Amino acid sequence: MLKKLLKKALKKEFFLLSCILLLALGLRLYRINNPVADWHAFRQADTASVTREYVKADKIDLLRPKYQDVSNIQSGFDNLEGYRMVEFPFVNGGLALILKAFKGLDLVLFSRLASVFVSLLTISVLYQLVKEISTSKIAFLSALVYAVLPYSVFYSRVILPEPYFLFFSTFAIWQFYLFAKNRSWATYFFSLIGLALAALLKPFVVFLAPVYLAILWQFRQKKIFKDPRVYLLPILAFAPMFAWREWIKNFPSGVPVSDWLFNGNGIRLQPAWFRWLFYERLTKLFLGYFGIVFLFANLLKKSKDMLIYGAWWLGILIYFVVIATGNVQHDYYQNLILPIVAISIARGVLILYEKLNKKIALAMVILLFGLSIFFASKQIAGYYNINNWEYIKAGQAVDQLVDQNALVIAPAMGDTHFLFQTNRRGWPIGFEIEDKINKGADIYVSSSYDWEAKALEEKYQVLTHSDDYIIIDLKVQKP
């Protein structure tokens, strides 16, 4: 009898989680075939072009990743080799291997679908983690929130390191919790690997340290602090990241300036810092105003899982304070908070349901959650828009008319997603054209028929000129 009940429960659990994953998949397929020209296209283009350069290359050299931008904009040094020394490119290398094997695959679409698939794995891992820490109800709700939160949906189908980082960081916490619970070598090893890969993608995983400390404290009675593996974990996990960071110093032209991320504009703990991070981002963008009720509802009930979740929020707060300007400047930096936001909303939903009068509880919770998703989706809707279709048309024209090895100037005030559309390496900014020609520039393409384009048109041969763009051959001067 017990065996039958257990089997029935497992079937129900699998069915519910499968429904959540199918819902998540359906939402993430919205505009999945978008070109790299939607929100944060510049960062997506930089990430996608590393994969594309690997596909074009004879071999995949993970120690020397390259991308499309040869300018000095990111590092302050001319980067004529096109080095891209940021995250360790194991994701780009893996995608490139598949794209090389199946040449008919579209790089952009395949990269987006890969992000979607990894986000579904994250939902599954989040469910398992929360089920261990809290209850199955909170686990299912956490998975559901992560699946439908509009911010999560958009950033689960972008070509960025973030979807992979979220998977590895959440997986590492889940496995570490299991290790603290059962002390098995397998869970320790998986936690170590997950943490190491997350750190290679984003060193920001270090801000999740309070979560690990809270887990250790929860299992302190099992003498977990006497296990030497606990102290070896951070050393072994972060050693590859430190080795990578030391290695990239050999390529200063490929290392973007990053000091500004900390407090480059002096915004830390200023009124604008509070407004942008806690109102514009958390309250409006993530929670659609009404969802903030669920976050505060967490304070209405104390339980042992609050230790870990509270530590998680502490880590996020430290992250906001330390990486102050980066978080205010770009909203994709808040990807790190997605798991704990989903968990907190789920927990708040259940607490409100328990506290309210049973006759109105369900209707009130559904209404609040529905309004939250509706208004958050309004904030995110514009992220899917393509605002520069002329870049796409110009890029396609360059790809058809110009030699594959040509270096292209595609002025977009430093935004690389115009250059990405040309399928060529080059400069994402104009000015000092003669200097760029001396450095190897072959083609000038612009979607704006401005003074610079007109001046070059008078001096060099025009390959084509339409209402949307002009393409000029910088190697052929007019008589």
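Owing to the predicted nature of the structure, the values given are computational and were not obtained by experimental measurement.
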Taking atom OH as the centre, does Y231 end up with more than 12 heavy-atom neighbours from other residues, nucleotides or ligands that are less than 6.0 angstrom away? yes
Please confirm whether the backbone N or O of I159 pairs with a side-chain atom of Q44, one donor and one acceptor, at under 3.5 Å? yes
Quiz question: by atom type and distance under 3.5 Å, do the side chains of D468 and S466 form a donor-acceptor pair? no
Within the distance-only criterion (no hydrogens, no angle test), does the side chain of T187 pair as donor or acceptor with the backbone N or O of R183 below 3.5 angstrom? no
Chi angles and distances behind the side chain to side chain contact (heavy atoms under 4.5 Å, CB included) call for I173, L195: CA-CA 8 Å; I173 293 173; L195 187 56; over 6 Å; no
Between D46 and Q74, is any side-chain donor less than 3.5 angstrom from a side-chain acceptor? yes
Please verify the inter-ring angle class for W185 with Y188; under 30° counts as parallel, over 60° as perpendicular, anything in between as tilted. perpendicular
With no hydrogens and no angle check, is any side-chain donor or acceptor of K439 less than 3.5 Å from a backbone partner on S71? no
As an exercise, state the distance from CZ of F418 to OG of S448, rounded to the nearest 0.5 Å. 10.0 Å
Geometric class of the F42/Y332 ring pair [parallel <30°, tilted 30-60°, perpendicular >60°]: tilted
Any donor-acceptor pair under 3.5 Å linking the side chain of N33 with the backbone of L109? no
Any Lys/Arg nitrogen of D38 or R157 sitting under 4.0 Å from an Asp/Glu carboxylate oxygen of the other? yes
For P428, which of V408, I409, I73 qualifies under side-chain contact (heavy atoms from CB on, under 4.5 Å)? I73
Salt bridge or not for R43 and E162, using N-O below 4.0 Å? no
Quick one: does any side-chain atom of S184 pair with a main-chain N or O of F179 as donor and acceptor, under 3.5 Å? no
Taking the basic N atoms (NZ, or NE/NH1/NH2) and the acidic carboxylate oxygens, is any pair closer than 4.0 Å for E81 and K66? yes
side-chain contact (heavy atoms from CB on, under 4.5 Å) with I337: of I316, N327, L277, only one passes, and it is I316
Could you check whether any side-chain N or O of R28 sits under 3.5 Å from a backbone N or O of S119, counting only pairs where one atom can act as donor and the other as acceptor? no
Should the ring pair Y384 and F154 be called parallel, tilted or perpendicular, given that the plane angle runs from 0 to 90° and is split at 30 and 60? perpendicular
Determine the interplanar angle of the Y155 and H40 rings, folded into 0 to 90°, and report it as parallel if under 30°, tilted if 30 to 60°, perpendicular if over 60°. tilted
If only side-chain N and O atoms count, and only distance matters, is there a donor-acceptor pair under 3.5 Å linking N423 with R52? yes
Would you indicate whether Q404, at its atom CD, is surrounded by more than 12 heavy atoms from other residues, nucleotides or ligands within a distance under 6.0 Å? no
Ring-plane angle category for F171 and F190, please: parallel below 30°, perpendicular beyond 60°, tilted otherwise. perpendicular
Would you mind checking if R84 and E53 are paired as a salt bridge, meaning a charged N to carboxylate O distance below 4.0 Å? no
Residues that Y212 engages under ring pair (Phe, Tyr, Trp, His ring centres under 6.0 Å), provided they are two or more places apart: F176
Taking it one step at a time, do F278 and F320 satisfy ring-ring contact (aromatic ring centres under 6.0 Å, His included)? CA-CA 10 Å; F278 297 100; F320 282 171; 5.8 Å; yes
Are a donor atom and an acceptor atom from the side chains of Y383 and D331 found within less than 3.5 Å of each other? yes
Classify the side-chain pair E452/Y444 by whether it contains a donor and acceptor separated by less than 3.5 Å. yes
Got a donor-acceptor contact below 3.5 angstrom from the R268 side chain to the T325 backbone? no
Contacts of type ring pair (Phe, Tyr, Trp, His ring centres under 6.0 Å), residue W312, not counting sequence neighbours: none
Go through the steps to decide whether Y177 and F219 satisfy the test ring-ring contact (aromatic ring centres under 6.0 Å, His included), and finish with yes or no. CA-CA 9 Å; Y177 188 93; F219 291 99; 5.2 Å; yes
